[in-house]
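Structure first, commentary second.
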Number of protein chains: 2
Amino acid sequence: MNKKDLKKVMQLAESLCEQRGVRLTSQRKAVLEFLLESEKPLSAYDLLDQMREVLKNPAPPTVYRALDFLLEQGLAHKLESISAYVGCVHPDHPHASQFLICADCGEVAEMEDKMIAKSLENAGKAIGFNTIHPVVELMGTCADCSAKKDSN
Amino acid sequence: MNKKDLKKVMQLAESLCEQRGVRLTSQRKAVLEFLLESEKPLSAYDLLDQMREVLKNPAPPTVYRALDFLLEQGLAHKLESISAYVGCVHPDHPHASQFLICADCGEVAEMEDKMIAKSLENAGKAIGFNTIHPVVELMGTCADCSAKKDSN
DNA sequence: ATAGTAATGTTATAATATTACGTTTTGGCA
DNA sequence: TGCCAAAACGTAATATTATAACATTACTAT
């Protein structure tokens with residue numbers, strides 16, 4: 001994400017946290033910034049490395065606590081199938097996203113298809129299942145990487 | 001799964017492997033049986049414990065190799081959001097399943113909604129994304145556990 | 001029988017995540 | 001203000017999940 005957008009999202013995050021009466025502390029802010037700056041999802045230990053830039057001796061709990069907070073607040077998402085984390089680019093409303101993960105280049109697109117989200121929820125309901133958190137991740141190849149492969 | 005169904009699925013697995021010219025060895029068979037017998041998903045290390053029943057000194061690779069094989073052959077599935085594995089109850093056709101995971105009791109239902117699978121694939125296609133493996137897991141509460149909660 | 005491949009054995013280690021407990025910081029309020 | 005309780009953070013240890021690397025055995029096809 002470019003600097004301008006980053007700043008915008010960070011300001012949004014700050015105001016959301018203020019509204020909710022929760023604290024976007026400097027550590028949490030740092031983790032969120034690293035996630036948003038990155039083109040690709042980061043593992044908890046990638047983040048731990050990055051945190052050395054802003055903290056003397058960060059330990060795993062430092063990162064995992066910040067991540068827990070960001071996930072709770074919808075400011076970041078965990079990609080379960082690759083154990084990695086991304087910043088959310090539109091955290092201003094609760095949402096059930098779908099993620100497209102390129103197995104070749106590692107880039108991830110976040111999609112928010114309300115029809116799909118609704119279909120999933122309803123399919124659960126049909127058998128009495130109450131969905132709290134949907135995990136929808138498509139592993140595959142992005143447009144760029146598919147094109148590269150075709151040209152071989 | 002009860003013994004009768006277990007036997008049926010195991011026979012199906014055997015004939016599928018024979019057709020495909022791949023080997024359902026005794027270790028792979030054992031892992032698949034443990035998965036199918038279990039009411040709940042098993043972690044790789046749960047399986048490792050169980051493997052002590054049939055092997056003197058099983059090590060992690062023993063289990064992970066068997067799991068890799070079963071996943072490749074569509075005889076088992078991995079639940080990414082809980083790092084656990086389940087046996088597939090209808091492995092006779094390739095399929096994109098959805099899983100409903102109860103956060104309370106841990107039980108898992110496998111659903112195969114072709115409309116949803118298709119919608120997801122198409123949503124990817126719309127932006128040039130080629131889906132290879134969809135991961136769809138709904139975390140929530142099953143009918144039983146929801147009922148129990150309501151009665152509180 | 002034997003060469004080539006697939007499967008397994010074995011040891012070690014990597015990568016991801018949590019527990020437990022002590023200390024510091026913060027915000028509310030007497 | 002000064003005190004309290006809750007939240008956040010520091011730190012060490014450990015648990016859980018997964019893979020690497022290399023040796024050995026077993027199967028299959030000629």
Side-chain angles (χ1 to χ4, degrees), chain A residues 14 17-32 34-35 40-73 75-86 106 135 137 139, chain B residues 13-14 17-32 34-35 40-73 75-86 101 106 135 137 139:
Chain A
E14 299 216 40
C17 287
E18 201 177 341
Q19 282 169 41
R20 295 173 188 167
V22 296
R23 293 167 53 205
L24 189 59
T25 62
S26 66
Q27 292 191 14
R28 293 165 174 174
K29 208 183 295 189
V31 168
L32 180 54
F34 287 133
L35 287 175
K40 305 195 177 165
L42 298 176
S43 74
Y45 283 74
D46 290 339
L47 284 165
L48 186 54
D49 284 342
Q50 302 241 52
M51 286 300 276
R52 291 184 219 293
E53 294 173 18
V54 296
L55 220 64
K56 57 174 189 226
N57 261 105
T62 306
V63 168
Y64 282 104
R65 283 166 181 158
L67 285 172
D68 285 347
F69 173 86
L70 297 172
L71 295 175
E72 268 169 23
Q73 297 300 322
L75 299 172
H77 299 292
K78 178 174 185 184
L79 301 174
E80 298 288 350
S81 48
I82 57 173
S83 295
Y85 305 83
V86 291
V135 170
E137 300 173 7
M139 298 293 317
Chain B
E14 300 216 41
C17 287
E18 201 176 342
Q19 282 170 41
R20 295 174 188 166
V22 297
R23 291 167 55 205
L24 189 58
T25 61
S26 66
Q27 291 190 15
R28 292 166 174 174
K29 208 183 296 189
V31 168
L32 180 53
F34 286 133
L35 288 175
K40 306 196 175 165
L42 297 176
S43 74
Y45 283 74
D46 290 339
L47 284 165
L48 186 54
D49 285 341
Q50 302 241 50
M51 286 300 276
R52 291 185 220 292
E53 294 173 19
V54 297
L55 220 65
K56 55 173 192 230
N57 261 105
T62 306
V63 167
Y64 281 104
R65 284 168 181 158
L67 286 171
D68 284 347
F69 173 86
L70 297 172
L71 295 175
E72 269 169 22
Q73 297 300 323
L75 300 171
H77 300 291
K78 178 175 186 185
L79 302 175
E80 298 288 350
S81 48
I82 57 173
S83 293
Y85 304 83
V86 290
I101 306 172
V135 171
E137 301 172 6
M139 299 292 318

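As a basis for the values below, the full set of heavy atoms in this structure was taken, side chains included, without hydrogen atoms, waters or symmetry mates. Just so we're on the same page: letters track the sequence lines, and every chain starts at 1.
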If you count heavy atoms of other groups shown closer than 6.0 angstrom to CD of A:Glu14, is the number above 12? yes
Distance, rounded to the nearest Å, where B:Leu55 contributes CG and C:dG9 contributes P: 5 Å
CD/B:Glu137 to NZ/B:Lys78 distance, rounded to the nearest 0.5 angstrom? 9.5 Å
To the nearest angstrom, the CG-P distance between A:Leu71 and C:dT18 comes to 11 Å
Quick one: A:Gln27 CD to C:dT25 C1', roughly how many Å, whole number? 12 Å
Rounded to whole Å, how long is the line connecting atom CG of B:Leu48 with atom C1' of C:dT10? 13 Å
CG/A:Leu24 to CG/A:Leu70 distance, rounded to the nearest 0.5 angstrom? 7.0 Å
Can you measure A:Glu72 atom CD to D:dA8 atom C1' for me and round it to whole angstrom units? 13 Å
Tested for side-chain contact (heavy atoms from CB on, under 4.5 Å) against B:Pro41, the lone hit among B:Ile101, B:Val86, B:Asp46 is B:Val86
Spacing between A:Arg20 atom CZ and C:dG27 atom P, to the nearest angstrom: 18 Å
Check A:Arg23 against A:Arg28 and note the closest heavy-atom contact, atom names and distance. O-NH1, 2.6 Å
Rounded to the nearest 0.5 Å, how far does CG of A:Leu67 lie from CG of A:Leu35? 6.5 Å
Its contact letters, B for base, S for sugar-phosphate only and - for none at protein heavy atoms under 4.0 Å, make nucleotides 11-30 of chain D read BB----BBBBB-----S---
Atom CG of A:Asp49 to atom P of C:dA15: distance rounded to whole Å? 11 Å
